Amino acid sequence: QQPVQSPQAVILREGEDAVINCSSSKALYSVHWYRQKHGEAPVFLMILLKGGEQKGHDKISASFNEKKQQSSLYLTASQLSYSGTYFCGTEPPGGGADGLTFGKGTHLIIQP
Amino acid sequence: NAGVTQTPKFQVLKTGQSMTLQCAQDMNHEYMSWYRQDPGMGLRLIHYSVGAGITDQGEVPNGYNVSRSTTEDFPLRLLSAAPSQTSVYFCASSYRMVGGYTFGSGTRLTVV
């Protein structure tokens, strides 16, 4: 079952912050985050392996609440280059041998 | 390193035809997967492999076959193409999920 992402779409001005949420109905081993620009392949941003773990990548960070089976992606002081579709991918307990299950994505548009 | 290489980039098939989408990686990754991406649906897992000689079905395997005779190659075969298989197909590989998945550039398939 696909994780649920919210919101479906966000429009921001350059410099504003955004939060994208990912929620699963199943227990999770880890959560991945990817960004995809139009016509291109998804690009790996980060993986969160432990409950409560937070990771950062430039001004993009994420948290993972293992108990609530939720993850959030935080984009701070957004830049034009952050535009794209963001996907979370989840792994069930037991690790990633079974492949990732992706959400439907969140479209992020950054305007000057 | 070339990363993950997919061929062809574009393909048009007639209903009932068969074809093989090629995927090769040169990073010595154990995990490989095939996804299809349709508008509004996110990325859905077709088949995956955790190593040479080992494959398994994902969420949407019907109409597709895979094999993994070497670590490097993971071809996807469409047995008898149907219009419902019109999609963008991505191959991805990972070293035991440590660094996330690296995606190929995709194959845009149209079945008429």
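Below, chains carry the letters A, B, ... as their sequence lines are ordered, and counting in each starts from 1. Keep in mind that the numbers below use all heavy atoms, side chains included, and drop hydrogens, waters and symmetry copies. Everything numeric in this text was worked out from a predicted model, so none of it was measured.
Both the backbone and the side chain of B:L43 come within less than 4.5 Å of a heavy atom in chain A. With a 4.5 angstrom heavy-atom cutoff, A:Q8 does not touch chain B via any of its atoms. In this structure, chain B has no heavy atom under 4.5 Å from any part of A:Q5. Of the two parts of B:E30, neither the backbone nor the side chain holds a non-hydrogen atom closer than 4.5 Å to a non-hydrogen atom of chain A.
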Check the pair B:Y89, B:S87 against side chain to side chain contact (heavy atoms under 4.5 Å, CB included), reporting the backbone distance first and the verdict last. CA-CA 6 Å; B:Y89 291 85; B:S87 187; 3.8 Å; yes
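Across B:G51, B:S33, B:G40, the residue that shares the most heavy-atom pairs under 4.5 angstrom with chain A is B:G40.
Around CZ of B:R108, the count of heavy atoms belonging to other residues, nucleotides or ligands within 6.0 Å does not exceed 12.
B:V66 and B:Y31 are members of different hydrophobic clusters when ILVMFWY side chains are connected at heavy-atom separations under 4.5 Å.
Atom NE2 of A:H32 is separated from atom OH of B:Y101 by 8.0 Å, given to the nearest 0.5 angstrom.
Aromatic ring orientation, A:F102 versus A:F87: perpendicular (interplanar angle above 60°, classes split at 30° and 60°).
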